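Just the heavy atoms: all of them, side chains too, but no hydrogens, waters or symmetry mates, feed the values below. What you see is a predicted model, and the numbers here were worked out from it, not measured in a lab.
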Amino acid sequence: NHSMIKPTKNIKDAKVYVNNLKGSEVDVLVSLGRNKFARYSGRVSAIYPALFTVVPNGEFNGKTSFSYSELLCGGVKLRAKKSV
């Protein structure tokens with residue numbers, strides 16, 4: 001029964017999503033494991049074939065480059081900031 005399997009996104013969809021956010025302000029939520037998360041705001045700065053980078057606003061010493069598979073698997077979440 002295939003009705004229980006949710007439709008999956010692929011790497012191409014993730015690349016298109018990140019490409020649409022390039023240069024814009026985003027909220028980033030990074031899973032650190034064991035129900036721990038790091039949250040910061042930044043700007044999607046560069047897009048490469050295997051990963052993308054986010055430049056944080058202000059001080060942040062954590063991870064700023066992510067693979068598209070991390071986005072698909074939920075290890076990192078990007079949300080575009082609302083324009084005021």
May I ask whether L78 and I11 are part of the same hydrophobic cluster, defined by side-chain heavy atoms of I, L, V, M, F, W, Y residues being less than 4.5 angstrom apart, directly or through others?
-> yes
Without placing hydrogens or testing angles, list every side-chain donor-acceptor pair under 3.5 Å for residues 32-39, not counting sequence neighbours.
none

Y17 reachable from V76 in the ILVMFWY side-chain graph, under 4.5 Å edges = yes
Any chain of hydrophobic side-chain contacts (each under 4.5 Å) joining V30 to V26?
-> yes
Taking the side chain as every heavy atom from C-beta outward, state whether N57 and E25 have any pair of such atoms under 4.5 Å apart.
-> yes
Could you grab the distance from atom OH of Y68 to atom CG of N10, nearest 0.5 Å is fine?
-> 13.0 Å
So, do V55 and T64 sit near enough that their side-chain heavy atoms are less than 4.5 Å apart?
-> no
Only counting residues at least two apart or in another chain, list the ones meeting side-chain contact (heavy atoms from CB on, under 4.5 Å) with A46.
-> Y48, T53
Spatial distance of atom CG (L72) from atom NZ (K15) [nearest 0.5 Å] = 10.5 Å
Rounded to the nearest 0.5 Å, what's the gap from CZ on F52 to CG on N19? Could you check?
-> 11.5 Å
For F66, which of L51, L71, V28 qualifies under side chain to side chain contact (heavy atoms under 4.5 Å, CB included)?
-> V28
Taking R43 for the side chain and G23 for the main chain, is one N or O donor matched with an acceptor at less than 3.5 Å?
-> yes
Where do S41 and K81 land on the side chain to side chain donor-acceptor pair (under 3.5 Å) test, with the steps shown first?
-> CA-CA 9 Å; S41 296; K81 281 193 156 191; 3.2 Å; yes
